[in-house]
Amino acid sequence: MNNDERDIERLSSAETDLSHRLVRLSPLIREQQAAEMEIDQAFYRNLRAHLVLGDERVPHPGFARELRARLMQETAARPVAKPLRQRLLLKIGAGTIPLLIGLLLTLLLPRGSTVPTMMAPYPTRADLLFSFPVPRTVIEHVTSIISVVHPRSGVAYSGHLQLTASHLPNGPATLSAYRLAAPSHMVPFGRGVLGIRAHVRHAFSSSQVWEVAADGGVSSRKPLHSLAVSLATGELIYHDRRNFMLPRAVGPLSRPQAIAVARRWLIELGWPGDRMPLSHVQSVHGHSMVREVAFGWMGVGQAATAEATLWITPDRSVIEAWVWPAVVKRGLIHARSVSAAWTDVRTGRLPVAVAGLPPDVRADGVGVIRHTNVVSILSPGHSGGLYLVPTYRFEGEARISGANLSSRIWYSLAPSGQQ
Amino acid sequence: MQGTGRTHVNVEAPAGLIDRARADREAFGEIYDHYLPRVYGFCRKYSRTREEAEDLTAEAFERALSGISTYQDRKVPFSRWLLRIAHNVILNHARRGNRITIPEDDLEMIGGDSDMGAWEEAWWLRLHVQRLPDDQQEVVRLRFYEDQRFRDVAARMDRSEGAVKQLLRRALQSLYLQIQQEDPALE
C-alpha cells in the first residue's frame, strides 16, 4: 500500500485502525471479488440441482463435464476420479447412456410436502397459438432448425364465432405450473449418442440462437442428419433423412413395436423413456409408413405439446424427433375463475381455432361449449427459462356460415392463472 | 442485533433457515445460494483452475449437506463450519497427490483458522463497504482495493486530490459508525 495515508488528516485512531484493516484485507477482498465474478452460472445451477434433487436424479457437475468430454471425444481437463464420480460411474452400465444425465428427470415431490407457489409467466397470445394444432404445412426445404413435427404455430380462426355456454364448471383455487430444465442442460447431450459427426455451429432464426451439429457440415450434400438445440428454450430438433424413402417397406411398425423403439431411443438420449407417459401413436399425415409416437411429461397431466414426439420408420429408424426439456420444479399458481377465462374467449380477446377449415376462411358462425378441462402449455419466463403453465381449454361444436352443414370442432385456450 | 433500523449486514443465513435445512433440501438450496460465493472463493484461492475450484466447492457442499444435522450453532458460526469443511476438502485433495497451488511447507497451514478468519473478516468488511454511498464505495475501492495513489484516484473520479481525501475520510467515518451500530463490541 503506498504510504500516503498520513495525507488524510484528522482521522480518529479507530478510523485509522479501520484504514489499516482495509489495507491488510484488500488482497483477500480482491480475490473474493474476482472469484465471485468468475462463478459460472451453469455450474451454480447444476450444483444446486444436484444438491436439492439428489445425485440419483442430477449428476455431480464435474461428472457431467467429464462425461460430456467423453461424448464429444475431447480430452478431459483433469482426469481425476473422485469418490463421488467413481460411485456414479459404477452405477452406469458400459453401454448405457446414463439416465443420470437426466438433469431432465421430472421432480417427484415427497409425500406430505407442501408445494410452494411459483412465479410462473402469464402466457401470451403467441404462446396460446403455439399450442394450437398446426395446420397442414408444406415444407419445401427441411433445415436443421425447423421441426417437421411442428413446423409452425397454430392459426386463429379469422371469422367471428358467437359462442355460448350453458354451464361452466367451478374452477380450482390453485393450479400446478412447472419449470423446465434450462437450455444449458440440453446442449451437451446427444451428439455422441446419435453418431453425428459434429460440425457444431450456431444458427439463427428470427427469435432464437441454435446450436447445431450436422453430418458433413453445413453445406453437405448428404441427406440431412442433424441435431439442433435452441439456446433460448432447450427445444431439441433431430432429423435423420438418410433412410426416409423406405423403398422396400410394406407396412408401418406395429403400435407396440413403435412405442418400444421410441422409448429405447429416448433412453439412449438420456431421457427417462421407460417412464414417460404415452400420449399418442398415429400415422404421419402423408407418410402412411411412418409412425408418430409422442410422450408427455411425467406428473404433469394433459399438455398441449408433447415432451417428446418421434417419427419412426418400418425399419425402426427414428427419422424425426422433437423434444423438450424435462420438468425440474413444480409449483402452484393462484387460479382465476373459469367464467372469467370464458369471458375473454367469448368476447374475442383470446384466439379460437376451428378444426378442418382452411386458415383463410373468414365466415361467421355459432358455437356452444361441450367440454372444459385444464391443459398445460409452454410459456417462456420473463427472466429466461421455460415453463408449463395451466390454461382452461374450452371445446365445443360450431356451425360456420357458408361451409358445409356438418358441425365443426372449435377450441380455445385461456390462461387460468391470475395476471 | 440491536441497530438503528438499518439493515443488518447479512453475513450469516437466518438461523431458521439453517434449522430447516437439516431436513429440507430446498432450504439447503437457499443455504447454498447464500454461501456459494464465499466457499467458491475460498476454494478458488487454492486452485489452479476454475474447474478445480468447482470440484472442490461441489465436494464441500456435498459434505455439508450430509453433515448438516451435526452442526451446532452455539459453537461456531455456520460460515466458519462450512469453510472448515472446504479446508478439509482442499487438504485431502492436495494429499491425494492432486497438487494445487500450495507449496509443500505450507500444506498444513492452508485454510487454517487464521486463513479462514481473515477470509471471513474480509467478507464482512466488504459487505459493510458495499452499504456505503456509491461515491464512498468508489473511493474505498480505488484507494484500497486497487491500491491507487490519491492523484490517480482523483483523476479517475474527476475530483481534486483534496476532495478525494475528504471523501475517503468521510467513507472511513461512515464505515466506522456503521460497524459500531452493527456491533459496538467490534473495534
Side-chain angles (χ1 to χ4, degrees), chain A residues 1-5 7-40 42-44 46-55 60-63 65-66 76-78 80 82-85 110 113 116 329, chain B residues 24-33 36-38 40-45 48-55 57-59 61-62 64-65 93 96-98 115 118-119 121-126 129 140-141 143-150 161 165-166 168-169 172-173 175-176 179-180 187:
Chain A
M1 175 80 183
N2 53 71
N3 198 20
D4 48 2
E5 291 172 321
D7 290 348
I8 310 173
E9 295 175 354
R10 299 193 300 278
L11 284 179
S12 68
S13 60
E15 290 158 6
T16 302
D17 179 64
L18 192 53
S19 172
H20 293 159
R21 224 170 171 181
L22 279 165
V23 169
R24 176 172 56 86
L25 296 172
S26 281
L28 289 180
I29 292 176
R30 281 198 299 273
E31 286 187 43
Q32 289 174 355
Q33 287 180 324
E36 200 166 335
M37 289 181 59
E38 185 188 68
I39 293 175
D40 177 68
F43 161 74
Y44 160 74
N46 291 353
L47 180 54
R48 194 184 200 283
H50 173 68
L51 292 167
V52 173
L53 299 179
D55 64 350
H60 187 288
F63 169 77
R65 186 170 62 241
E66 281 191 7
R78 196 171 57 81
V80 175
K82 301 176 72 78
L84 178 62
R85 291 180 196 173
S113 69
K329 188 171 183 177
Chain B
D24 177 359
R25 278 197 165 190
E26 193 60 51
F28 188 86
E30 295 181 46
I31 295 278
Y32 166 84
D33 294 337
L36 173 72
R38 213 175 317 184
Y40 176 85
F42 189 72
C43 293
R44 188 67 177 94
K45 184 177 166 59
R48 284 172 301 186
T49 64
R50 193 185 77 200
E51 286 77 16
E52 204 165 37
E54 288 176 354
D55 289 346
T57 304
E59 186 165 344
F61 274 104
E62 283 160 350
L65 175 62
H93 192 78
R96 282 199 297 267
N98 303 311
D115 270 13
W119 191 261
E121 187 183 358
W123 193 272
W124 166 85
L125 190 57
R126 183 174 151 229
V129 170
V140 167
R141 183 180 70 81
R143 178 78 181 123
F144 291 104
Y145 300 176
E146 296 191 16
D147 194 20
Q148 302 217 2
R149 290 187 169 275
F150 279 117
E161 270 193 54
K165 290 174 185 174
Q166 286 273 39
L168 184 60
R169 180 169 166 267
L172 290 170
Q173 288 171 343
L175 198 56
Y176 176 72
I179 291 171
Q180 280 294 99
E187 302 215 7

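Everything numeric here is computed off the predicted structure, so don't read it as measured data. Residue numbers begin at 1 in each chain, while the letters A, B, ... track the order of the sequences.
- In this structure the side chain of Arg44(B) never reaches within 4.5 angstrom of the side chain of Ile39(A), judged on heavy atoms.
- Heavy-atom minimum distance, Leu11(A) versus Arg169(B): CD2-CG, 3.8 Å.
- Between Tyr40(B) and Phe43(A), the two ring planes are tilted [angle within 30° to 60°].
- Heavy atoms of Arg30(A) lying under 4.5 Å from chain B belong exclusively to its side chain.
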Full working for side chain to side chain contact (heavy atoms under 4.5 Å, CB included) between Ile29(A) and Val129(B): CA-CA 11 Å; Ile29(A) 292 176; Val129(B) 170; 5.9 Å; no
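- Between the CG atom of Leu36(B) and the CG atom of Leu47(A) there is a distance of 7.0 Å, given to the nearest 0.5 Å.
- Using a 4.5 Å cut-off between heavy atoms, Gln32(A) contacts chain B through both its backbone and its side chain.
- Between Glu38(A) and Arg50(B) there is no salt bridge, since none of the side-chain N atoms of the basic residue sits less than 4.0 Å from a carboxylate O of the acidic one.
- For chain A, the nearby part of Tyr32(B) is the side chain; its heavy atoms alone come within less than 4.5 Å.
- For Tyr145(B), the parts lying under 4.5 angstrom from a heavy atom of chain A are both the backbone and the side chain.
- Ranked by heavy-atom pairs shorter than 4.5 Å toward chain A, the options Glu146(B), Gln173(B), Arg126(B) are led by Arg126(B).
- Taken from CD in Gln33(A) to CZ in Arg141(B), the straight-line distance is 8.0 Å, to the nearest 0.5 Å.
- Using a 4.5 Å cut-off on side-chain heavy atoms (C-beta onward), Phe144(B) and Val23(A) make contact.
- The existence of a salt bridge linking Glu26(B) and Arg48(A) is confirmed by a sub-4.0 Å separation between a basic side-chain nitrogen and an acidic carboxylate oxygen.
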Full working for side chain to side chain contact (heavy atoms under 4.5 Å, CB included) between Arg25(B) and Leu51(A): CA-CA 7 Å; Arg25(B) 278 197 165 190; Leu51(A) 292 167; over 6 Å; no
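- Using a distance-only test at 3.5 Å, with no hydrogens or angles considered, no donor-acceptor pair links the side chain of Tyr176(B) to the main chain of Thr16(A).
- Counting heavy-atom pairs under 4.5 Å between each of Gly41(B), Gly29(B), Ala27(B) and chain A puts Gly29(B) at the top.
- In this structure, the separation between CZ on Phe42(B) and CG on Leu28(A) is 10.0 Å, given to the nearest 0.5 Å.
- Looking at Leu175(B), both its backbone and its side chain come within 4.5 Å of chain A, counting heavy atoms on both sides.
- Separating the CD atom in Glu121(B) from the CZ atom in Arg21(A) is a distance of 4.5 Å, to the nearest 0.5 Å.
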